[in-house]
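Within every chain, numbering begins at 1; the chains are lettered A, B, ... in the order of the sequence lines, protein sequences first and strands thereafter. Values below: every heavy atom of this structure, side chains too, minus hydrogens, waters and symmetry copies.
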Amino acid sequence: MTAINPQPAVSLPRGRPKSKILRRVRESCIMAGLIGCGVFSIATTLTIIVILSVEALRFFRLDEVSFWGFISGTKWSPLLGAEKHFGVWPLICGTLLVTAVAMAVALPLGLITAIWLSEYAKPKVRAVIKPVLEVLAGIPTVVFGFFALTVITPGLRWLHEGFGVYNAASAGLAVAVMCLPIVTSLAEDALRAVPRSLREGAFGLGATRFEVAVKVVTPAALSGIVAAFLLAIARAVGETMIVALAAGASPSLTLDPRSEVQPMTGYMVQIFLGDASNYGAEYYSSYAVAATLFLMTLLLTLIGHRVRVRYRQVYE
Amino acid sequence: MNELASHPPSARSGRFLKDHLFVAVCLLAAGLCIAVLGVLLASIITQGIEHLDTHLLMNPPSRKPEKAGIYPAMIGTIYICLVCAVSAIPLGVGTAILLEEFKPRQKTLARLHGFVQLNITNLAGVPSVVYGILGMTAFVEVFKVMGSPGDPVWTLGTPENWYYLQLPFGRGVLAGGLTLMLVVLPIIIISSQEALRAVPNSLRQGALALGATRLQMVWGTTLPAAVPGIMTGTILAMSRAIGEAAPILIIAGVVYITFTPEHLMDDFTAMPLQIYDWASRPQESFHQVAASGIMVLMAILLTFNAAAVMIRQKFQR
Amino acid sequence: MPATIPKHPEVNMMNPSIPLPPAPAEHDKTMRKSDPSTGHGDTQPAIEVAGFDAWYGDFHALKNMNMVIPEKRITAFIGPSGCGKSTFLRWINRMNDLVPSARAAGTLKLHGQDLLDSSTDVVELRRHVGMVFQKPNPFPKNIYDNVAFGPRLHLRMSRVELDQVVEQSLRSAALWDEVKDRLKSPALSLSGGQQQRLCIARAIAVGPSVLLMDEPCSALDPRSTAAIEDLMAQLRNDYTIAIVTHNMQQASRASDYSAFMYQGELIEFGDTEQVFTMPRNEQTQNYITGRFG
Ligand SMILES: Nc1ncnc2c1ncn2[C@@H]1O[C@H](COP(=O)(O)OP(=O)(O)O)[C@@H](O)[C@H]1O
Ligand SMILES: [Mg+2]
């Protein structure tokens with residue numbers, strides 16, 4: 001033994017030392033479990049990608065389908081008629097139309113509410129608005145779908161006869177209500193993260209509250225706000241129950257929000273709900289649609305991540 | 001000259017006018033939020049109050065709206081949410097611990113760590129229908145390598161046993177719950193990470209300085225300190241699971257089920273599915289039943305959210 | 001058997017209760033007349049530092065440090081903010097492992113064991129080198145569990161033994177009388193000074209031979225500071241203590257040896273009396289007389 005033993009500092013009961021080997025074994029097992037958790041999340045993504053691409057490829061290999069026809073075609077009629085058409089644009093158009101209506105309402109409204117909450121509202125008012133937003137955020141989307149069907153659509157039809165029983169505008173407005181709390185709370189977080197000194201500096205130069213909020217704070221929080229917007233867009237693009245209930249089931253290439261459309265998610269639900277033969281072209285087409293949807297949301301997420309990374313650099 | 005003289009005050013009043021105008025717009029926007037919530041709740045209550053009674057809570061669905069009940073759907077929701085919670089909470093908290101407490105120093109590992117983190121951000125953005133398709137392939141059919149749900153390659157017990165299991169799982173409670181797990185996992189991971197991040201570093205240093213290993217530090221100090229935050233996030237994630245319809249719509253379909261599941265492989269329906277079913281019917285009277293179902297669902301969710309708020313407030317000090 | 005981190009000595013069965021260390025007045029001043037930098041003299045070396053450098057990324061935080069910290073004495077580290085005192089302390093128990101950019105080279109030995117060696121078991125090391133931080137950091141548990149935290153990690157012991165450890169550690173930290181009736185109340189309900197003494201008790205309970213204290217009093221009021229100083233005086237014969245302080249009076253009052261650091265360099269190290277009354281270096285002179293820093 002060459003190690004120098006220090007003399008006992010104070011003599012405490014020593015008990016028996018715990019086995020280090022046992023501890024090491026136990027900890028290795030737990031570590032393996034934790035790493036397994038991390039691997040699981042990656043495996044999930046990989047499985048999604050593999051499933052979507054394998055099944056989509058199977059779809060494109062079918063005789064009645066071509067990849068080019070899928071990404072350039074303007075007619076989608078997989079179920080009806082003798083000749084089936086698999087051009088994805090009507091579905092994308094439906095998704096974009098609903099998303100556009102939703103964002104046209106939710107983004108400005110959400111941003112204004114966020115600015116107001118962060119720059120103007122007194123604590124008492126916040127104490128009312130915040131829970132309202134939290135309740136809105138907690139409402140299941142099937143409820144918004146029901147709301148669109150039984151309140152928004154009749155309302156729109158009462159305002160103007162051009163609206164169909166199912167229409168993009170109604171679904172879009174319901175998606176807007178769903179996205180509103182997301183936009184508001186994330187944008188508010190971004191606004192509140194702007195350093196106080198920036199506001200004080202602007203006030204010191206004689207700016208009004210409006211000028212400080214709109215010309216100083218909002219630009220400073222811009223990337224956070226953009227990230228919030230992107231997240232809301234991704235949620236709107238992927239929203240399923242609202243469009244399944246309120247948007248309709250006839251894919252059409254239109255920009256008229258009064259007409260019936262079928263977004264991508266709506267089509268997927270229709271296929272998996274109906275008893276479409278498990279191996280027909282229409283069944284596999286839903287995987288190709290799902291792959292398109294996945295790519296769109298992946299892109300939005302990655303752009304959002306980029307924006308947020310930049311934003312972090314600005315403040316640290 | 002008069003321009004110069006008159007300019008400042010008018011500009012000033014113009015600027016303040018803008019300020020007031022903006023406040024008005026803001027009030028309008030916030031008022032709209034409250035109004036929308038009010039109209040939503042009012043419309044559901046007026047439509048749903050008629051059918052909201054013990055009959056609805058105690059009975060299976062029916063072809064006649066006045067006889068329809070939501071009991072099997074409630075039980076189904078409880079089952080799939082239990083499966084979801086049991087699988088998602090350990091996985092989610094484990095991933096969060098790995099990402100927050102074991103940040104590697106080595107460069108390649110650090111890059112891998114960043115990749116896992118980005119991957120989770122991405123998973124949080126994947127639409128829930130896509131998880132439905134994933135669950136369909138991975139759990140219901142087990143990639144079609146284990147036979148078909150109707151002709152399983154492996155079984156444990158028979159469908160009469162409460163512990164009946166089979167591979168592939170088929171469109172049962174287990175597949176539904178695991179699919180929900182995929183949906184809420186990123187939410188639990190991200191909120192648990194936030195809770196762990198909020199634990200002051202001084203606690204970690206205190207534990208390590210006593211000769212704790214990293215895991216002992218996590219188990220003995222970091223995790224207990226983060227539990228309230230993790231619980232809040234988990235409750236919110238579970239309330240998302242309760243209301244989530246799209247993925248289990250793909251797994252379970254809309255089936256007419258008048259019984260409650262007896263084992264993990266049994267067919268099930270859930271409250272959001274039942275509501276979707278009623279809402280998508282053309283008859284007005286079924287819409288009323290849907291509204292009653294929504295009231296039940298919202299009551300459960302509000303209880304969950306209230307619990308989360310209470311936990312947050314209790315531990316905030 | 002390869003050299004390992006010092007093991008615990010055998011159980012001292014003859015004297016299970018903690019002998020209160022002699023009061024400071026009894027402390028034998030004649031024992032510290034030797035030159036500590038050589039390590040020769042009446043005391044054993046505890047920590048040997050030779051040609052020691054440390055970096056944070058490209059920033060050279062400690063430059064060529066050479067010193068021998070003697071066993072069972074109090075060594076005070078003084079110097080202006082940012083001169084590297086904490087960095088040095090945090091290398092002794094390898095807390096800097098937590099800082100991804102931290103790096104060190106040279107010799108840093110505890111009782112002959114190389115601390116920078118990659119084979120050194122840091123967990124084992126930290127059992128022997130307790131640390132008390134600037135801000136009291138009790139765990140959000142009750143008082144008893146705070147003190148029992150360390151022993152529970154390392155030792156299998158009966159309830160009675162654990163109770164004994166907790167009591168004796170709290171006694172050595174001069175906290176027992178104040179908390180003996182409320183061991184189960186939250187540690188965070190204690191005052192700042194009590195919390196800091198609890199942290200000391202928590203460190204003692206593991207049975208370390210070295211105590212590192214990084215500005216333990218700077219977040220405390222004068223009364224708590226006095227309590228901690230009394231406590232150090234009681235611990236001085238049993239532990240090797242390295243303390244960082246910004247308080248010159250505290251350093252001169254409470255320590256046996258003093259080290260003055262400046263911009264990452266060890267400028268002067270010697271008997272406290274000598275460093276404070278006739279510093280060899282002009283910078284030291286300027287610092288302790290308050291002319292800079
Ligand atoms: N984690 C770190 N990363 C980079 N530089 C650091 C870190 N910690 C301390 N430093 C730098 O090292 C120098 C010494 O710091 P420190 O040892 O804390 O000084 P002291 O305790 O004497 O006030 C300072 O200049 C400080 O900026
Ligand atoms: Mg320091």
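When each of A:Leu300, A:Leu109, A:Val165 is scored by its heavy-atom pairs under 4.5 Å with chain B, the top score falls to A:Leu109. Heavy-atom pairs under 4.5 Å with chain A peak, among B:Ala138, B:Ala124, B:Cys33, B:Ser128, at B:Cys33. Chain B forms more heavy-atom pairs under 4.5 Å with one residue of A:Thr265, A:Thr141, A:Ile139 than with any other, namely A:Ile139. Interface remark: of the candidates B:Asn122, B:Ile120, B:Leu21, B:Val130, B:Asn122 forms the most heavy-atom pairs closer than 4.5 Å to chain A. Of the listed residues B:Leu112, B:Ile44, B:Ile133, the one with more heavy-atom pairs under 4.5 angstrom with chain A than any other is B:Ile133.
Within 6.0 Å of CZ in B:Arg281 there are more than 12 heavy atoms belonging to other residues, nucleotides or ligands. The 12-atom threshold is exceeded at NZ of A:Lys18, counting heavy atoms of other residues, nucleotides or ligands nearer than 6.0 Å. Within 6.0 Å of the CZ atom in B:Phe286, the count of heavy atoms belonging to other residues, nucleotides or ligands exceeds 12.
If you measure heavy-atom distances from B:Leu91 to chain A, the contacts under 4.5 Å come from both the backbone and the side chain. Proximity to chain A is limited to the side chain of B:Leu118, based on heavy atoms less than 4.5 angstrom apart. With a threshold of 4.5 angstrom between heavy atoms, A:Val151 approaches chain B through side-chain atoms but not through N, CA, C or O. For a residue to count as touching a neighbouring chain, one of its non-hydrogen atoms must lie under 4.5 Å from one of that chain's; by this rule A:Ile51 touches chain B with the side chain only. For A:Glu211, the part lying near chain B is the side chain, with the backbone staying farther off; criterion is any non-hydrogen pair under 4.5 Å. With a 4.5 angstrom heavy-atom cutoff, A:Leu298 touches chain B via backbone and side-chain atoms both. For A:Leu180, the part sitting under 4.5 Å from any heavy atom of chain B is the side chain, from C-beta outward, and nothing else. Residue contact with chain A, scored on non-hydrogen atoms closer than 4.5 Å, involves the backbone and the side chain of B:Gln216 alike. Both the backbone and the side chain of B:Ala291 come within contact range of chain A, with heavy atoms under 4.5 Å apart. Both the backbone and the side chain of A:Ile35 have a heavy atom closer than 4.5 Å to some heavy atom of chain B. Interface residue B:Val39: backbone and side-chain heavy atoms are both found under 4.5 Å from chain A. Contacts of B:Leu301 with chain A are made by side-chain atoms alone, with heavy-atom separations under 4.5 Å and no backbone atom involved. Using a 4.5 Å cut-off between heavy atoms, A:Ile112 contacts chain B through both its backbone and its side chain. Contacts between B:Phe115 and chain A at a heavy-atom distance below 4.5 Å involve the side chain alone, from C-beta outward. In this structure, chain A has a heavy atom under 4.5 Å from the side chain of B:Leu297, while its backbone stays farther away. The contact between B:Leu32 and chain A is made entirely by side chain atoms (from C-beta outward), counting heavy-atom distances below 4.5 Å. Contact annotation for B:Ser239: neither backbone nor side-chain heavy atoms come within less than 4.5 Å of a heavy atom of chain A. Contact annotation for A:Val132: both backbone and side-chain heavy atoms come within less than 4.5 Å of a heavy atom of chain B. Contacts between A:Leu52 and chain B at a heavy-atom distance below 4.5 Å involve the side chain alone, from C-beta outward.
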query = Could you walk me through whether B:Leu27 and A:Trp116 pass the side chain to side chain contact (heavy atoms under 4.5 Å, CB included) check?
reply = CA-CA 8 Å; B:Leu27 284 175; A:Trp116 185 63; 3.4 Å; yes
inquiry  = Could you walk me through whether A:Thr113 and B:Cys26 satisfy the side chain to side chain contact (heavy atoms under 4.5 Å, CB included) test, starting with their C-alpha distance in whole Å, then the side-chain angles of each, then the deciding distance to 0.1 Å, before giving a yes or no?
reply    = CA-CA 6 Å; A:Thr113 313; B:Cys26 288; over 6 Å; no
request  = Go through B:Leu215 and A:Leu34 one step at a time and tell me if the side chain to side chain contact (heavy atoms under 4.5 Å, CB included) criterion holds.
outcome  = CA-CA 11 Å; B:Leu215 274 171; A:Leu34 291 182; 4.1 Å; yes
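Considering CD of A:Glu27 and OG1 of B:Thr213, their distance stands at 3.5 Å, rounded to 0.5 Å. Between A:Phe144 atom CZ and B:Leu40 atom CG the span is 6.0 Å, to the nearest 0.5 Å. In this structure, CG in A:Leu136 is found 4.5 Å from CG in B:Leu37, a value given to the nearest 0.5 Å. Summarising the geometry, atom OG1 belonging to B:Thr121 is positioned 9.5 Å from atom CG belonging to A:Leu302; distances are rounded to the nearest 0.5 Å. Annotation: the span from B:Ile34 atom CD1 to A:Leu133 atom CG amounts to 8.5 Å, rounded to 0.5 Å. Rounded to the nearest 0.5 angstrom, B:Phe102 CZ and A:Met31 CE are separated by 4.5 Å.
Minimum heavy-atom separation, B:Thr95 to A:Cys37: OG1-CB, 3.3 Å. Contact detail for A:Gly238 and B:Val129: the closest heavy-atom pair is O-CG2, 4.2 Å. Here the closest non-hydrogen pair linking B:Gly243 and A:Pro140 is O-CB, 3.5 Å. Heavy atoms only, all atoms of each residue included: A:Leu273 and B:Gly253 are closest at CD2-CA, 3.8 Å. When every heavy atom of B:Asn305 is checked against every heavy atom of A:Glu134, the shortest pair comes out as ND2-O, 4.4 Å. Nearest approach of B:Ala245 to A:Val142, heavy atoms of both residues: CB-CB, 4.5 Å.
For the 3.5 Å distance criterion, the side chains of A:Thr45 and B:Asn119 qualify, holding a donor opposite an acceptor.
Side chains of A:Phe210 and B:Leu17 form no contact here, defined as non-hydrogen atoms less than 4.5 Å apart. Residues A:Val237 and B:Pro127 have side chains not in contact (no heavy-atom distance under 4.5 Å, counting atoms from C-beta outward). A:Phe147 has its side chain out of reach of B:Ile294: every pair of non-hydrogen atoms, C-beta onward, lies at least 4.5 Å apart.
Under a 3.5 Å cut-off, the side chain of B:Asp19 and the backbone N or O of A:Thr208 do not form any donor-acceptor pair.
Applying the ring-ring contact (aromatic ring centres under 6.0 Å, His included) rule to pairs touching residues 117-138 of chain B yields nothing, sequence neighbours excluded.
You'll find the ring centres of B:Phe22 and A:Tyr120 inside the 6.0 Å limit.
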